[in-house]
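One structure is given below, encoded as structure tokens.
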Protein chains: 2
Amino acid sequence: LVLQPYDARFSCRVITLPGFISFNTPVENVCSMMEQGLRGGFTTLCLHATQGIYHSQDLDALSNQIESNLNGIPTNYTIYLDAHRDNAHSIASLFKSCAGLYLRVTDSGTWWWKHLETWPSNSPILVEASGLVLTSILFGSVIHGSRPLHITQVCKKEDMDIIRAAKNKGLAITCDVSVVHLYGNHIIDSRDKEALWENLDMIDVVYGPLYQTISLLLASVQEGRLSMSWVESRLVDNPRRILGLSQPSDTFVEVNLDTCWTVEDIDSPFYGQMCRGIVQRTVIHNEIAYLDGKMLYKGQRIGRDVRMEDKGLSESTYSYS
Amino acid sequence: LVLQPYDARFSCRVITLPGFISFNTPVENVCSMMEQGLRGGFTTLCLHATQGIYHSQDLDALSNQIESNLNGIPTNYTIYLDAHRDNAHSIASLFKSCAGLYLRVTDSGTWWWKHLETWPSNSPILVEASGLVLTSILFGSVIHGSRPLHITQVCKKEDMDIIRAAKNKGLAITCDVSVVHLYGNHIIDSRDKEALWENLDMIDVVYGPLYQTISLLLASVQEGRLSMSWVESRLVDNPRRILGLSQPSDTFVEVNLDTCWTVEDIDSPFYGQMCRGIVQRTVIHNEIAYLDGKMLYKGQRIGRDVRMEDKGLSESTYSYS
Ligand SMILES: [Zn+2]
Ligand SMILES: [Zn+2]
Ligand SMILES: [Zn+2]
Ligand SMILES: [Zn+2]
Ligand SMILES: [Zn+2]
Ligand SMILES: [Zn+2]
Ligand SMILES: [Zn+2]
Ligand SMILES: [Zn+2]
């Protein structure tokens, strides 16, 4: 495909950004999610299979399902392994072929302790936990050589306070927040929502619904609530560093900033929110996968398993200052 | 009173030990407890008022009640302040007049976080907590400059495992176990009870019912399950170091080792347990307070508030190796 000179033609303001990382993406229909990713500028999906046929430590099943898709592979991807009560020893050896370990704890057990012991410290652990469970797991990380932990889906003031205290103490902690919790109406307590906005400096990664995230964030840049460098570092640089992925120059996104609108779907959690900017073009490994509303990847395996591509883990270079 | 040469007269085997510290003593009737202390060799009671007229941060009420006893003051004492949901700021300034802070947490709140912040780090905090709450509080101590914590009333294998891990990591953690949990029948799970006995090296302090503790421990020394130096360090040296109290040479206990018996009270938690050794004489500040079953302190203020006597806190010299 030849690049079209549409920028000049419409004289609209277009910016180019590196492709975004969707850091915590629950798997439903992978291929349609990847297409949504293309529309929203997400060129890498970090998949977390929690149920259905993909659930379990069976990396191969999900990977085969993606790789064998006749329609092609729209975006890059990588897969988290799911920590269970009884699989600490059986999955630890698989760390090189996955994005990291996904550790969701909602009960009051301490079965997760074994995972902190067995999961290699140079592969990330995403921790989805809150309150006492969260602080207990943070203590577990201190005991196990202060191994890095990434706290995912932070949505409570108390948890953010704990993360701030841990970071100030110099612990190797990072965290992410979903755009759903930053912008959604009545999803969380307004006190919690305020705390997220007051702790923007503590948030290392942001992501959300694949199609809407960049437009919500860019509207806040316009309003002056967020800086452009905050957005880019949370969507691209920090996720890459935490996961130990390289930053390819051949994968990028063009966003037209001139389009603004308000979400009018009364059933949307973002009803009434200002949006700004539309992805016009998504280029993955030098191939235009998406252009002006049209999927151009069809039949091509444009996306790759980025963990396999990077051939094992480089030491993470993320600084926890 | 003139010391009687009864040792020679009866030619029984008598050992002299420094007076014992009852490290965690719930207050009921203070003066009768102190008399029990004399009978059992406990020359200092560390009092913890959890209810009734003494409950609260009102140190003075309990202190006055003891000091104004016309019958005299049988033993030394010191008082823990009780950490509550809302008193972190009001009690922190009282640290010099008390033994330390008593922090009991059974709910899933994080109100105790404030206490870790405000309580001076050179005054002890006794933590009564288990499981996730315990690990959360240990994490709180890491965040707050790795301040020392003493875990009291440990009676679960899981908690002992956590304490072992924390100590091995070099954290400034100490702990105590009650004789009730070490020896009692059907008080805790047999698995937990075994874990306590398997972790004798992790236990810094031991105490229990004032009259029975030394006899239960000495029976185990006789059996070879405990060493005499383990008993002495857990009843005397470690408690003193943790509380920053001096070791007076004028306060000691004489124990006749020749008496052995089995607990025959079927309602006792110690039913069937071997006991060995009876306290013959308890000397406090060079005064014989108790001799051969007779209370000799009557009308005298033999015991003192040891915290006030030591005039503020010396830096704790306890080593957490
Ligand atoms: Zn699962
Ligand atoms: Zn371990
Ligand atoms: Zn939510
Ligand atoms: Zn490439
Ligand atoms: Zn209380
Ligand atoms: Zn603090
Ligand atoms: Zn008990
Ligand atoms: Zn004295």
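Letters A, B, ... are given to chains in the order of the sequence lines, protein chains preceding strands, and every chain is numbered from 1. No hydrogens, no waters, no symmetry mates; every other heavy atom, side chains included, goes into these values.
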Are there over 12 heavy-atom neighbours, none belonging to A:Lys193, within less than 6.0 Å of that residue's NZ?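 Correct, the count exceeds 12.
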
Is it the case that atom CZ in B:Arg164 sees more than 12 heavy atoms from other parts of the structure closer than 6.0 Å?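 Counting other residues, nucleotides and ligands, CZ of B:Arg164 exceeds 12 neighbours.
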
Closest-packed option against chain A by number of heavy-atom pairs under 4.5 Å, given B:Gly140, B:Ser141, B:Ser136: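 Greatest number of close heavy-atom pairs with chain A: B:Ser136.
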
Once rounded to the nearest 0.5 Å, what's the spacing between atom [atom1] of [X] and atom [atom2] of [Y]?
X        : Y        : atom1 : atom2 : value
B:Ile137 : A:Phe139 : CD1   : CZ    : 11.0 Å
A:Asn168 : B:Ile143 : CG    : CD1   : 8.5 Å
A:Leu138 : B:Leu138 : CG    : CG    : 13.0 Å
B:Leu132 : A:Thr135 : CG    : OG1   : 8.0 Å

